Amino acid sequence: MIWNQHIECMERERMRSLQGERLQEMVERIYHNVPFYRRKLQDEGIEPADVRTIDDLRRLPFTTKQDLRDNYPFGLFAVPQQDIVRLHASSGTTGKPTVVGYTHHDILMWSEVVARSLAMAGVTRSDIIQVAYGYGLFTGGLGLHYGAEKVGASVIPISGGNTKKQLQLMQDFGSTVLACTPSYASFLGEAIREAGMDSSDLHLRAGIFGAEPWTEEMRAEIEGLLGIKAYDIYGLSEVIGPGVSMECSSQRGMHIFEDHFIPEIIDPDTCEVLPYGDLGELVFTPVTKEALPLMRYRTRDLTRLHATACDCGRTLVRMEKCVGRSDDMLIIRGVNVFPSQVESVLLEMNETKPHYLIVVDRENNLDTLEIRVEVEDQFFSDEVGELEALQERIKHNIQSTLGISARIRLVEPRTIERSAGKAQRVIDNRTP
Ligand code: DLL
């Protein structure tokens, strides 16, 4: 089902000209309403009238998370406080949160892109959607909520956590769609099994999972546990929240709602714009937002863009699943390691669960890598020899994929902390 055929199937040249018009208007607005951007543009010698087409985007300066922090809390807002109807914030790992604001019009636009996203997963007004993303300052819960209401589905605003209640309502209300982080979906799948139920006791048919990176192996695992088709949804609070891009049923990447969020891929070191197909850092320019329009926001997420035709008929550019974030990338003994690579190795093996923790430390000036892995119940035997053999096999597979050796510690089922939101997969004890 296509929610907004006019936009989602628009001819590429027409889309580029729409983006150019919107970019022009947006630059005009921020030049006059956000002193930070006026200064930035003046420093570069750029006047709003210099921006005429989408090709002028690459001349504009970038915005970083640090710029949002430096202007905490409302310094980059382009409208007076009276026009703000909602605030969200993401906590991040250090320091002050990143604050984002929305006007009434922004909330309508956000609901529209989430409605388009849900339509990609075939969600209709006949569905019952259990929104188990956190409600609150995090954009997941309310973002999905408004979009699902726009579609006309019945929304269960249960938020994250309280697993027993999740299962009870899922069964009693007959939820057909589950929206939460992939790590919480896998935890719920596990809890269903432990409660002696299986997917045939439920009515679920689709999952809308995002807010953190997850692999194809994780998708297969969740689809098996819950008996559903699992879709990837991407977004970030600075750009809007969930609904920046979403997978269609062809699942060949996530279509970006480019009429609102203009994507680019850059080389994170040189900031040079890279062609479609190249791996690099994703940059977004949200051109229609009133409260917080950002110019070339650097997401730190690493991926590729593709503009080739999609079987679903949409012409919107697709982004691949994120490999990770450039600031998630671990450099261990000089080798670049992404947690997603570890996840792929573990999930390719039958004996391990998708619950793991990567612990990096430094001993005698040498980086150490330890991977704690939960083992499936039936393989967690008392036979020391068997466990040692498994440990060796994981070690070997990690070494051949990552190119470095790791210490593997097998741990009992259910001993690695579960999360109802974004999972924490890495502990880095090295002092920066
Ligand atoms: O996570 C918004 C969201 C909510 C997206 C619910 C999808 C579903 P933030 O808390 O600002 O916003 O975190 C944004 O999370 O830059 C990515 O690194 C990561 N992320 C979000 N979606 C995905 C995804 C929300 N599908 C940051 N795959 C982003 C990989 C994702 N990473």
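Counting starts at 1 for both ligands and their atoms, following the listed order. All of these numbers come straight from a predicted model, not from anything done at the bench. The residues of the chain are indexed from 1 along the displayed sequence. Computation of the quantities below employed the complete heavy-atom set of this structure, encompassing side-chain atoms and omitting hydrogens, waters and symmetry-equivalent molecules.
Every atom of ligand 1 with a heavy atom of Tyr234 under 4.0 Å away is listed here by number and element: 22 (N), 23 (C), 24 (C), 26 (N), 31 (C). Interface atoms of ligand 1 facing Gly210, defined by a heavy-atom separation under 4.0 Å, are 7 (C), 8 (C), 26 (N). Distances below 4.0 Å separate heavy atoms of Gly140 from the following atoms of ligand 1: 4 (C), 6 (C). Atoms of ligand 1 found under 4.0 Å from any heavy atom of Tyr133 (numbered from 1 in listed order, with element): 6 (C), 8 (C).
The single protein non-hydrogen atom nearest to atom 25 (C) of ligand 1 is Gly235 O, 3.5 Å, given as residue, atom name and distance. Remark: minimum distance from atom 11 (O) of ligand 1 to any protein heavy atom is reached at Ser237 OG, 2.5 Å. Considering only non-hydrogen protein atoms, atom 19 (C) of ligand 1 sits nearest to Ala211 O, 3.7 Å.
Figure legend: Arg86 and Tyr146 shown as a cation-pi pair, the cationic atom lying under 6.0 angstrom from the six-membered ring centre and within 45 degrees of its axis.
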> Should Thr308 and Arg318 be marked as a side-chain hydrogen bond (donor to acceptor under 3.5 Å, both in side chains) after you check the CA-CA gap, both sets of side-chain angles, and the distance that decides it?
Replying inline: CA-CA 8 Å; Thr308 47; Arg318 287 166 287 127; 2.8 Å; yes
> Which is it for Thr63 and Tyr37 under the side-chain hydrogen bond (donor to acceptor under 3.5 Å, both in side chains) test, yes or no, and what are the steps along the way?
Replying inline: CA-CA 9 Å; Thr63 309; Tyr37 279 123; 2.6 Å; yes
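Comparing Glu212, Lys65, Lys321 by heavy-atom distance to atom 28 (N) of ligand 1, the nearest is Glu212.
Side chains of Ile208 and Leu118 form a contact here, defined as non-hydrogen atoms less than 4.5 Å apart.
Thr288 and His260 are linked by a side-chain donor-acceptor pair at a separation below 3.5 angstrom, with hydrogens and angles left out of the test.
Classification of the Phe74-Phe77 ring pair by plane angle, with boundaries at 30° and 60°, yields parallel.
The shortest N or O to N or O distance between Arg325 and ligand 1 is under 3.5 Å. An N or O contact shorter than 3.5 Å is missing between Phe209 and ligand 1 by distance.
Within the 4.0 Å heavy-atom cutoff, Lys422 counts among the residues contacting ligand 1.
Checking Glu343, Arg409, Arg372 one by one against Tyr356, the side chain to side chain donor-acceptor pair (under 3.5 Å) holds for a single residue, Glu343.
Using a 4.0 Å cut-off between heavy atoms, Asp301 contacts ligand 1 through its side chain alone, with no backbone atom that close.
A donor-acceptor pair under 3.5 Å links the side-chain atoms of Ser400 to the main chain of Asn397, judged by distance alone.
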